[in-house]
K.L.:
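Before I ask anything, let me first share the structure, which is written out below as structure tokens.
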Amino acid sequence: MAVMSRKVPVTNPWDSVKGLVIQLLAEATSLESGTIQESVEIPPDPTLGDLAATIAFQLAKQLKKNPANIAGDIAGRMAERIKSEPVLSRIESKGPYLNVFLDRGQFAKYTIQAANGLGRQYGRTDAYTGKRALIEFPAVNPSKPWHIGHARNAVIGDTLGNILDAAGYDVVKLDYINDLGLQIAQLCWRMMQQPVPQEQPNMKYDQYLGRLYVEVQKSFENDEQAEKQIREVARQLEDLNSDAANTSAVMVTKCLLAQCQTAYRLGIYHQYQVWESMIAHSGLLDMAREIMLKCDNVVKLEEGEKAGCIVVRLDTIEEFKDMQEPYKVLFRSDGTRTYTGADVALQMWKFGIIQDPLRYQVFDHQPNGKDVLRTSLKGRKSRIGKFDVVFNVIGSEQAQPQRLIYTILDLLGYKKESENSHHIAYAFVDVEGTDLSGRKGTWIGYSCDEVLDKATELAREEVAKRNPDESDDFKDKVATQVGTGAVRYMLLKASPDRKITFRWSEALDFDGDAAPYLQYSHARAQRILEKAGEIVSAPADLTLLSTEVEFALVKAIAMFPQEVLDVVRGLKKSTWGTSFDCNRLTSYCYGLANLFSRFYDSCPVLKAEPAVAAARLELVKAFKMTMANCLEVLGIPVVERM
RNA sequence: GGGCGCGUCGUCUAGCUAGGACAGGGCGCCGGCCUUCGGAGUCGGAUGUCGCAGGUUCGAAUCCUGCCGCGCCCGCCA
């Protein structure tokens, strides 16, 4: 069998074996392999089998026979053929189900050779090589620190990027900086007031600004005069030479640098930042407007309430038929853009529909060694290029506005681009009763930094308890890895469409289904390999790995590449956004760690007889590699000792 | 009013897109396991009207219809 005898390690062992089973079922039944593929599943209990097919149910309808009899017939017909495949052991019918058993030893060999042969590449595939994906996140206003809800956005976006990258995509991560919003105007207004607010010397700038904003908000709400002035500041911000714009530029830069420190703590890096003020002055909006006006559905209204506005007519679209107002304003009567208008223009830019008029310069040198570029008036032209797919990570409350943008893109004639526009939606994080509001200041105490601080602090205590003789440097380093890993994992393990109620007791629970458990399993594997270094050197016979527990671990290792691909294939558009099952990968990773823990408990490695020890060591290596690769995709630090 | 999402042991949650074998986990609770490579572990136990009511099907947590509860969205705002 060609697939099974390749010299080069297979990239996707589970899928290869499943493919083989499908092939054999097709030979035995004359059903389409597509039909069979859909019916092949994993039995609920491994004692039933390793793979199962429910084709007997479908055939029962056609043949008008009892499905159990049909399954029995097929099993009988396939028995011999199965024996000729080394990785397969036997087929059984159990009622209407067809259950296939793998040969444990052969499959262990097959899988471990794949994982250890590919090493850090294991889990990566070239399924989407050649495609370019742009991900925009988290687009936090540069007027406050990230709170834990912003962190959810950022971690989802970052992890999506890693997963797409593993599937072969060329991924670009982009952040959108709204430095022209009302929040910025409010802060600038305050900055230009007497007395000039004093910066808190011991406080991060974003933290300080976020608190100042809560204060300013009160003036805005209660003082009509102040509100009027703030509106004026907002207008001035559009003029890059104004005092307001200069004040803003300094303030926003300082705030953004502070926010970036939070991102870096979470291991999150970007290639580009798009600043709204630069978009406003780049000519991009004018270019977009021209293109839009060529479309029949975009018109400048001459009369009525919206006279002078450039609007898009939505009444031709089924979905918006029931809308009270069929005209959506893109450019106001004074010529300025609405958010919808700007968003459509930006989306067009992302797909390369508008030639890039922006210039770029380095904003910061990131700890990953790479520069993040920001849009600017002065810098250089860049080759950011066109993208095949665009993902915008935004809260689910923006589902309709996002869909509207993609619909308008379609109306403008960019059908493909519309289809390839994805809103990665996620529900908000709240805090037992209240939401996290920048305005009301309810985020105070729940900023991402504070959560990371507390998690790291607790991790420091635990590390110190377990490693009393280690250096402070060691303890600090590991505490950081454990603390940040725990926070990232907590945010990823919840399905994005489910709201998270943040609780300290859960965030700081390092037992059970949490990142430290995963990191711990890796550290244990690492320790075994370290100790083995001095002892074992015999060439391993991997077919010796055949106990229940070993086999379960082997299967989990074999499934990793397919798990990654399944998450990518699961990115499907719905009315409310595009589904992204980041929790599926955390769940896989937890299961993998769990199986290793069982193996660790019941299968001694170093104390086993030499031949078994050699084989188990290879299994430990394969596990460690897979766990490390999976953690890397999740953005959770890989820990050698903890 | 229209639209979207959520509702699963005490609690948090997976599974729902492609219906299938006793609904999986975590925390908490009860009880075992350190003369075995790190106990952030492991083994066992108790705990469930899968929001409610119908329907489709050989078979429904999953699909359809109608309700109920919670949250969110429907501006030349930002």
Side-chain angles (χ1 to χ4, degrees), chain A residues 38-39 41 43-45 48 52 54 57 60-61 67 94-97 99 141 178 180-183 185 234 305-311 319 322-325 327-334 336-341 395-401 403-404 425 427-428 430 435 459 462-463 465-467 482 486 493-495 497-501 503 505-506 509-521 523-532 535 570 572 574-577 579 581 583-584 587 590-591 593-594 597-598 600-608 613 616 620 641-642:
Chain A
E38 280 170 26
S39 91
E41 57 190 41
D45 181 341
L48 292 166
T54 56
F57 288 110
K61 283 174 194 160
K94 178 156 182 130
Y97 294 94
N99 296 325
N141 268 316
N178 185 4
L180 291 181
L182 192 65
Q183 296 197 8
E305 217 175 29
K306 290 177 177 172
C309 295
I310 294 176
V311 300
E319 186 193 329
D322 297 334
M323 260 178 68
Q324 293 179 355
E325 179 54 78
Y327 298 130
K328 186 76 196 173
V329 177
L330 300 175
F331 293 89
R332 301 184 186 104
S333 48
D334 65 2
T336 57
R337 76 229 170 262
T338 61
Y339 262 60
T340 308
S396 55
E397 73 284 352
Q398 291 227 48
Q400 252 90 331
R403 203 142 54 100
L404 178 62
F428 262 29
D430 66 12
D435 53 354
E462 297 295 321
V463 172
K465 212 186 290 175
R466 291 167 173 81
N467 303 278
V482 171
K493 82 168 175 173
S495 173
D497 52 14
R498 193 185 278 276
K499 96 171 181 215
I500 294 179
T501 298
R503 293 184 184 87
S505 61
E506 284 171 26
D509 185 358
F510 294 166
D511 294 328
D513 188 9
Y517 177 73
L518 314 182
Q519 294 167 319
Y520 183 63
S521 73
R524 279 174 141 186
Q526 171 65 25
R527 179 50 66 96
I528 292 175
L529 295 175
E530 279 170 15
K531 293 205 167 180
I535 311 165
K572 284 188 185 154
S574 296
T575 48
W576 51 269
S579 51
D581 300 328
N583 57 309
R584 179 165 172 175
S587 167
Y590 174 75
N594 185 238
S597 294
R598 286 187 207 174
Y600 186 93
D601 221 55
S602 62
C603 301
V605 177
L606 303 176
K607 293 190 171 141
R616 284 185 178 163
V620 173
R641 266 192 307 144
M642 60 192 279

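Throughout, protein chains are lettered first and strands after them, A, B, ... in sequence-line order, and every chain is numbered starting at 1.
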K.L.:
Base, sugar-phosphate or nothing for A/Q183? Non-hydrogen atoms, less than 4.0 Å.
P.N.:
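If one applies the 4.0 Å heavy-atom cut-off, A/Q183 turns out to touch nothing in the nucleic acid.
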K.L.:
Closest heavy-atom contact between A/N99 and A/A52?
P.N.:
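Answer, listing the atom of A/N99 first, then A/A52: OD1-CB, 3.3 Å.
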K.L.:
Walk along nucleotides 3-19 of chain B from 5' to 3' and tag each nucleotide B, S or - by protein heavy-atom contact under 4.0 Å, base first, then sugar-phosphate.
P.N.:
SSSSSB----SSS----
K.L.:
Between B/G15 and B/G69, how far apart are the two P atoms, rounded to whole Å?
P.N.:
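Between the two P atoms, the distance is 27 Å.
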K.L.:
If we take the C1' atom in both B/C34 and B/U42, what is their distance in whole Å?
P.N.:
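11 Å, rounded to whole Å.
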K.L.:
Quick check on RNA chain B: between A/D435 and A/K94, whose nearest nucleotide comes earlier from the 5' end?
P.N.:
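Comparing both residues, the 5'-ward one is A/K94.
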K.L.:
What's the gap between B/U13 and B/A18 when it is taken at their C1' atoms, as a whole Å value?
P.N.:
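Roughly 23 Å separates the two C1' atoms.
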K.L.:
Hey, does the side chain of A/S333 reach the backbone of A/C309 with a donor-acceptor pair shorter than 3.5 angstrom?
P.N.:
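Judged by distance alone, no pair lies under 3.5 Å.
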K.L.:
Within a strict 4.5 Å, meaning less than it, do heavy atoms of the A/V329 and A/T340 side chains meet?
P.N.:
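Contact flag for A/V329/A/T340 side chains = no.
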K.L.:
Expressed in whole Å, how much space separates the P atoms belonging to B/G19 and B/C30?
P.N.:
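Approximately 43 Å lies between the P atom of B/G19 and that of B/C30.
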K.L.:
If B/C29 has a Watson-Crick or G-U wobble mate with both distances under 3.5 Å, name it; if not, just say none.
P.N.:
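Paired with B/C29, as far as the under-3.5 Å criterion goes, is B/G45.
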K.L.:
Is there a Watson-Crick or G-U wobble partner for B/C76 with both distances under 3.5 Å, and if so, which one is it?
P.N.:
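Result: none.
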K.L.:
Using a cut-off of 4.0 Å on non-hydrogen atoms, how would the nucleic acid contact of A/N99 be classed: base, sugar-phosphate, or nothing?
P.N.:
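Touches a base.
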K.L.:
Rounded at 0.5 Å granularity, tell me how far OH in A/Y327 sits from CD in A/E305.
P.N.:
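The CD atom of A/E305 is 12.5 Å from OH of A/Y327, to the nearest 0.5 Å.
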K.L.:
If I take atom NZ from residue A/K493 and atom OG from residue A/S587, how far apart are they, to the nearest 0.5 angstrom?
P.N.:
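Nearest 0.5 Å value for the NZ-OG distance: 10.5 Å.
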K.L.:
For B/U35, give the paired nucleotide (Watson-Crick: N1-N3 plus N6-O4 or O6-N4; G-U: N1-O2 and O6-N3; both under 3.5 Å), or none.
P.N.:
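Matched B/U35 with nothing under the 3.5 Å cut-off.
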K.L.:
Given that both distances must come in under 3.5 Å, which nucleotide forms a Watson-Crick or G-U wobble pair with B/G69?
P.N.:
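When the pairing criteria are applied, B/C6 turns out to be the nucleotide that pairs with B/G69.
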K.L.:
Can you see which heavy atom on A/E462 is nearest to which on A/F510, and at what distance?
P.N.:
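So the minimum-distance heavy-atom pair works out to CG-CD1, 4.5 Å.
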K.L.:
Should A/Y517 and A/S597 count as side-chain neighbours, where that means a heavy-atom distance under 4.5 Å?
P.N.:
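The answer is yes; the side chains approach within 4.5 Å.
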K.L.:
Distance check, C1' atoms only: B/G41 and B/C52, in whole angstrom units.
P.N.:
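Per the computed distance, 43 Å lies between those C1' atoms.
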K.L.:
In whole Å, what separates the P atom of B/C76 from that of B/A61?
P.N.:
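These two P atoms come out 46 Å apart once rounded.
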K.L.:
In the strands shown, is B/C58 matched to any nucleotide by a Watson-Crick or G-U wobble pair with both distances under 3.5 Å, and which?
P.N.:
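B/G20 is the nucleotide pairing with B/C58.
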K.L.:
Indicate the atoms forming the closest heavy-atom contact of A/A425 with A/W576, along with that distance.
P.N.:
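Smallest interatomic distance, heavy atoms only, reads CB-O, 3.7 Å.
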K.L.:
To the nearest Å, give me how far apart CG (A/D45) and C1' (B/C22) are.
P.N.:
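Between C1' of B/C22 and CG of A/D45: 10 Å.
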K.L.:
With rounding to whole Å, what would you report as the distance between B/G28 and B/U47 at their C1' atoms?
P.N.:
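Between the two C1' atoms, the distance is 11 Å.
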K.L.:
Test your reading of the model: is there a side-chain donor-acceptor pair from A/D497 to the backbone of A/A427, 3.5 Å cut-off?
P.N.:
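Side chain of A/D497 to backbone of A/A427, a donor-acceptor pair under 3.5 Å: no, none is there.
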K.L.:
Name the nucleic acid region contacted by A/P43, choosing base, sugar-phosphate or nothing; use a 4.0 angstrom heavy-atom cut-off, strictly under.
P.N.:
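Counting heavy atoms under 4.0 Å across all strands, the contact made by A/P43 includes a base.
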K.L.:
State, with a plain yes or no, whether a side-chain heavy atom of A/Q526 is found less than 4.5 Å away from one of A/R641.
P.N.:
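Not touching, per the 4.5 Å side-chain cut-off.
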K.L.:
Rounded off to whole Å, could you give me the NZ-to-C1' distance for the A/K328 and B/A78 pair?
P.N.:
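Going from NZ in A/K328 over to C1' in B/A78 covers 12 Å.
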K.L.:
For A/G181 versus A/N178, what's the shortest heavy-atom pair and its separation?
P.N.:
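Between these two residues, the closest heavy atoms are N-OD1, 3.3 Å.
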K.L.:
What form does the base of B/C34 take, syn (within 90° of 0) or anti?
P.N.:
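Here the answer is syn: the torsion falls within 90° of 0.
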K.L.:
With C1' as the reference atom in both, quote the distance from B/U57 to B/C64 in angstrom, rounded to an integer.
P.N.:
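One C1' to the other, the span is 12 Å.
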K.L.:
Look at all strands and tell whether A/A514 reaches a base, only sugar-phosphate, or nothing, counting heavy atoms closer than 4.0 Å.
P.N.:
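No contact.
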K.L.:
In the 5'-to-3' direction, what one-character label does each nucleotide of nucleotides 34-42 of chain B receive under the scheme B = base within less than 4.0 Å of a protein heavy atom, S = sugar-phosphate only, - = no such atom?
P.N.:
--SBBSBSS
